[in-house]
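The block underneath contains the structure these notes are about, expressed in structure tokens.
Keep in mind that what you see is a predicted model, and the values were worked out from it rather than measured. Side chains are part of it too, since the values below use all heavy atoms of this structure and drop only hydrogens, waters and symmetry mates.
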Amino acid sequence: MEIRYASELPTEDGIYELYENLDWNQYLQLSKEQLLTAMRQSWYAIYAYHDNRLIGTGRIVSDGMINAYLCGLGVHTDYRSNGIGSEIFRLLAEHCKKDNLHLQFFCEEELVPYYENRNFKVFAVGMTGA
């Protein structure tokens, strides 16, 4: 299977369909236009395509000088366990490293060993508004 990785913005329909597949929009409740705006306003993003279908995404929100926050890393349920998420993560981390940014992110507890194997370490407890 040939996967294409690109930083160009996806279509409104593409990002909306992916967020729906990942059940992220059930929580976010964003329109197609709002989702595309979030992608557009990101500091850097990578999108994965299979036959021009958007199947994965990950993005960086950053001040461009010190900190970079990885968010929205997900792969369509039909394409998981093929290394797509790992490649998106690698490309995003490499881009941050090139600009000497301190990369930070939140992950689910069961993914900690995965990221520790990629030379990341737990450094804080996450908080969110109620």
Side-chain angles (χ1 to χ4, degrees):
M1 161 175 27
E2 188 172 326
I3 305 300
R4 179 175 60 89
Y5 299 91
S7 59
E8 295 84 26
L9 281 172
T11 64
E12 286 180 352
D13 288 338
I15 196 66
Y16 187 81
E17 289 168 12
L18 180 59
Y19 269 58
E20 287 290 313
N21 174 265
L22 298 170
D23 286 332
W24 291 352
N25 213 25
Q26 187 173 1
Y27 167 75
L28 297 171
Q29 298 289 303
L30 297 174
S31 69
K32 292 178 183 182
E33 296 82 15
Q34 290 171 314
L35 282 171
L36 192 60
T37 297
M39 301 304 114
R40 185 180 296 116
Q41 293 181 166
S42 299
W43 181 76
Y44 186 70
I46 291 288
Y47 305 100
Y49 295 90
H50 178 244
D51 294 333
N52 294 319
R53 177 184 184 197
L54 181 65
I55 60 164
T57 184
R59 60 195 183 100
I60 300 291
V61 177
S62 177
D63 55 23
M65 297 301 294
I66 302 167
N67 294 313
Y69 302 94
L70 184 142
C71 58
L73 177 57
V75 175
H76 191 285
T77 55
D78 293 344
Y79 291 86
R80 291 191 179 151
S81 300
N82 289 302
I84 297 165
S86 294
E87 181 63 6
I88 292 171
F89 179 82
R90 186 190 70 75
L91 291 167
L92 292 171
E94 184 177 277
H95 193 80
C96 291
K97 187 174 186 176
K98 175 181 66 88
D99 287 337
N100 295 316
L101 296 173
H102 179 72
L103 180 59
Q104 303 171 45
F105 55 91
F106 295 100
C107 71
E108 295 171 357
E109 188 144 353
E110 63 265 15
L111 293 174
V112 169
Y114 172 85
Y115 290 111
E116 286 178 332
N117 286 335
R118 283 152 182 78
N119 296 319
F120 286 86
K121 61 183 177 184
V122 175
F123 76 100
V125 175
M127 306 292 285
T128 186

Looking only at heavy atoms, what is the nearest atom pair of I3 and A48, with distance?
CG2-CB, 4.0 Å

Please name the pair of heavy atoms, one in G74 and one in L22, separated by the smallest distance, quoted to 0.1 Å.
CA-CD1, 4.0 Å

Show, in sequence, the C-alpha distance, side-chain angles and deciding distance for L18 and T57, and conclude whether the side-chain contact (heavy atoms from CB on, under 4.5 Å) test is met.
CA-CA 9 Å; L18 180 59; T57 184; 3.6 Å; yes

I'd like to know if the side chain of [X] reaches the main chain of [Y], judged simply by a donor and an acceptor atom lying under 3.5 Å from each other, with no hydrogens or angles considered.
{"X": "N25", "Y": "Y16", "value": "no"}
{"X": "N82", "Y": "I84", "value": "no"}
{"X": "S62", "Y": "N67", "value": "yes"}
{"X": "R80", "Y": "V75", "value": "yes"}
{"X": "N21", "Y": "E17", "value": "no"}

Side-chain contact, heavy-atom cut-off 4.5 Å: [X] with [Y]?
{"X": "V61", "Y": "Y44", "result": "no"}
{"X": "W43", "Y": "H95", "result": "yes"}
{"X": "E87", "Y": "Y5", "result": "yes"}
{"X": "V112", "Y": "C107", "result": "yes"}
{"X": "Y115", "Y": "F105", "result": "yes"}
{"X": "I60", "Y": "S42", "result": "no"}
{"X": "P10", "Y": "Y49", "result": "yes"}
{"X": "H50", "Y": "E2", "result": "no"}

Of the options T37, T11, D13, which is the one that meets K32 in a side chain to side chain donor-acceptor pair (under 3.5 Å)?
D13

Taking [Y] as the starting point, is it possible to reach [X] by hopping between hydrophobic residues whose side chains are less than 4.5 Å apart?
{"X": "L91", "Y": "Y79", "answer": "yes"}
{"X": "I15", "Y": "L70", "answer": "no"}
{"X": "L30", "Y": "Y27", "answer": "yes"}

Would the number of heavy atoms belonging to other residues, nucleotides or ligands and lying under 6.0 Å from [atom1] of [X] be above 12?
{"X": "E108", "atom1": "CD", "result": "no"}
{"X": "E110", "atom1": "CD", "result": "yes"}
{"X": "M65", "atom1": "CE", "result": "no"}

Test side-chain contact (heavy atoms from CB on, under 4.5 Å) on I88 and L73; report intermediate values, then the result.
CA-CA 8 Å; I88 292 171; L73 177 57; 3.3 Å; yes

Identify whether NZ of Lys or CZ of Arg in R118 sits under 6.0 Å from the centre of the six-membered ring of Y114 and within 45° of that ring's axis.
yes

Inter-residue atom distance [X].[atom1] - [Y].[atom2], 0.5 Å rounding:
{"X": "Y47", "Y": "E8", "atom1": "OH", "atom2": "CD", "answer": "10.0 Å"}
{"X": "L36", "Y": "L9", "atom1": "CG", "atom2": "CG", "answer": "5.5 Å"}
{"X": "R53", "Y": "R4", "atom1": "CZ", "atom2": "CZ", "answer": "14.5 Å"}
{"X": "Q104", "Y": "C96", "atom1": "CD", "atom2": "SG", "answer": "10.5 Å"}
{"X": "R59", "Y": "R40", "atom1": "CZ", "atom2": "CZ", "answer": "12.5 Å"}
{"X": "L103", "Y": "L92", "atom1": "CG", "atom2": "CG", "answer": "8.0 Å"}

The salt bridge (charged side-chain N to carboxylate O under 4.0 Å, His left out) partner of E94 among K98, R90, K97 is R90

Working for side-chain contact (heavy atoms from CB on, under 4.5 Å), residues H76 and D78
CA-CA 5 Å; H76 191 285; D78 293 344; 3.2 Å; yes

Does K121 form a side-chain contact (heavy atoms from CB on, under 4.5 Å) with E116? I'd like the steps, not just the answer.
CA-CA 6 Å; K121 61 183 177 184; E116 286 178 332; 5.5 Å; no

Answer with yes or no after comparing the ring centroid distance for F89 and F120 against a 6.0 Å cut-off, counting only values under it.
yes

